[in-house]
Engineer: 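Pasting a structure below so you can have a look.
Letters A, B, ... are given to chains in the order of the sequence lines, protein chains preceding strands, and every chain is numbered from 1. Just so it is clear, the structure is predicted and the values come from calculations on it, not from any experiment.
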Amino acid sequence: MRLVTWNINSIRLRFPLLARVAEELKPDVICLQETKVTDDLFPTVECRALGFPYLGFHGMKGYNGVAILSKRPIDALRMPSWCERTDCRHLIAHIGNTEVHSVYVPAGGDIPDPDANPKFAHKLDFLRQLTAWYGATYTPDSRVVVAGDLNIAPLETDVWSHKQLLSVVSHTPIEVELLNAMQGSVPFVDALRHFIPPAERLFTWWSYRSPDWTKNDRGRRLDHVWVTPALKDSLRSAQVLRDARAWTQPSDHVPVLVELAD
DNA sequence: ATGGTTGATGGTCAA
């Protein structure tokens, strides 16, 4: 199974780029975040025309929104909600004998202080709740893929400057600690770092707020694919489609591909 | 330290 995760930042605006991702990466499953579309306006006909007959989506007006597009039958869909909100940040599809999760962790605002910044507090709470739930719901024998924009870059090599980003939301010690706790809850295997050495720099996001995203390569690895230990030996390859950041009218995130043996 | 850009929306808010 070839699985792509991508924060598309509006599926309607960037549908032509989604078609390009489908054509170039030939995924069997695509997990999307920030679809930014309500369910009644989701482009179901267009997705099916791309070769994905089986669709799950969970969206709201203007913000957030997750989706899973599949060439293989989706047997069941679930949409957990966290922090007593209906934020459309989590979608689960049962595909064959495996669960695929599309997750969009709150970005957390600009100030890395939960007392001063409710958005940061929400991000931390979201991570704590998800961690408790994953730990209580799954075991190492579960067949689960967690894919999405987790909005945290855990390793020093996941950011362009570890020192300069220590107090920047996405790379603060408290966030990294909570993300590591979430990964350890089952535990999950980091599929990207399974193939790409942790010593090597690896980014999946480059800010829009730079006139030239390639200048000094100031990126971060915010998008992740994790698998349960039961799937570890099935991992075949992983790839970040860095080129997609240079496409016309790009998302600030690029697609990440992980290939698993069936 | 600050500001920079993009998207949905229709004034700003979120990222």
Side-chain angles (χ1 to χ4, degrees), chain A residues 5-21 31-43 46 57-67 81-83 85-90 102-114 116-127 147-154 158-161 163-172 174-176 178-179 203-224 242-256:
Chain A
T5 183
W6 187 26
N7 180 324
I8 192 170
N9 189 13
S10 174
I11 188 173
R12 287 178 293 176
L13 183 68
R14 254 175 278 286
F15 196 85
L17 298 189
L18 180 63
R20 188 166 173 184
V21 168
C31 295
L32 298 173
Q33 302 85 39
E34 283 207 271
T35 52
K36 292 186 174 178
V37 63
T38 51
D39 293 346
D40 57 313
L41 295 176
F42 194 88
E46 293 85 347
F57 41 87
H58 185 216
M60 59 194 286
K61 189 172 180 175
Y63 305 111
N64 309 330
V66 284
S81 61
W82 306 103
C83 305
R85 300 179 185 220
T86 49
D87 257 358
C88 306
R89 294 179 177 275
H90 194 176
S102 183
V103 179
Y104 178 47
V105 171
D110 288 332
I111 304 165
D113 175 357
N117 174 11
K119 286 190 266 188
F120 194 70
H122 177 217
K123 183 178 196 176
L124 303 185
D125 284 344
F126 187 96
L127 292 164
D149 176 5
L150 305 185
N151 262 317
I152 297 171
D158 291 337
V159 292
W160 62 274
S161 168
K163 284 184 180 175
Q164 290 185 74
L165 288 175
L166 271 172
S167 59
V168 173
V169 171
S170 73
H171 192 61
T172 63
I174 179 67
E175 291 170 90
V176 171
L178 288 177
L179 189 73
F203 309 144
T204 65
W205 172 91
W206 293 262
S207 175
Y208 281 132
R209 302 180 193 181
S210 167
D212 179 5
W213 72 278
T214 62
K215 190 178 181 184
N216 301 322
D217 196 19
R218 294 191 167 188
R220 307 176 200 170
R221 184 170 74 112
L222 303 180
D223 302 275
H224 300 267
R242 183 185 168 99
D243 292 354
R245 189 61 180 79
W247 290 351
T248 301
Q249 202 169 32
S251 170
D252 44 355
H253 296 253
V254 297
V256 172

Engineer: For A:Y208 and A:G62, take the nucleotide of DNA chain B holding the closest heavy atom to each; which residue's nucleotide lies nearer the 5' end?
Structural biologist: A:Y208
Engineer: Under a criterion of less than 4.0 angstrom to any heavy atom of chain A, what are the 5'-terminal and 3'-terminal contacting nucleotides of DNA chain B?
Structural biologist: B:dG4 to B:dA15
Engineer: With sugar-phosphate meaning primed atoms plus P, OP1 and OP2, does A:R89 contact a base, only sugar-phosphate, or nothing at under 4.0 Å between heavy atoms?
Structural biologist: sugar-phosphate
Engineer: Are any side-chain N or O atoms of A:R245 and backbone N or O atoms of A:V254, one a donor and one an acceptor, separated by less than 3.5 Å?
Structural biologist: no
Engineer: Would A:S170 and A:E175 count as having a side-chain donor-acceptor pair, cut-off 3.5 Å?
Structural biologist: no
Engineer: Roughly how many Å apart are B:dT6 and B:dT2, using the P atom of each and rounding to a whole number?
Structural biologist: 23 Å
Engineer: Using the six-membered ring of A:W205, assess whether NZ or CZ of A:R220 lies under 6.0 Å from its centre and within 45 degrees of the ring axis.
Structural biologist: no
Engineer: Report the residues that fulfil side-chain hydrogen bond (donor to acceptor under 3.5 Å, both in side chains) with A:R209, sequence neighbours left out, ordered by chain and then residue number.
Structural biologist: none
Engineer: Taking only residues two or more places apart in sequence or in another chain, which ones pass side-chain hydrogen bond (donor to acceptor under 3.5 Å, both in side chains) with A:W82?
Structural biologist: A:H90
Engineer: Want to settle it: does A:N7 or A:K61 sit nearer the 5' end of DNA chain B, counting the closest nucleotide to each?
Structural biologist: A:K61
Engineer: Just to be sure I understand the rule, does A:R14 reach a base, reach only the sugar-phosphate, or reach nothing, if contact means heavy atoms closer than 4.0 Å?
Structural biologist: sugar-phosphate
Engineer: Provide the distance between the two C1' atoms, one in B:dG3 and one in B:dA15, to the nearest whole Å.
Structural biologist: 15 Å
Engineer: If the test is side-chain contact (heavy atoms from CB on, under 4.5 Å), which one of A:V256, A:I11, A:D149, A:L18 qualifies with A:W6?
Structural biologist: A:L18
Engineer: Between B:dG4 and B:dT9, how far is it from one P atom to the other, in whole Å?
Structural biologist: 25 Å
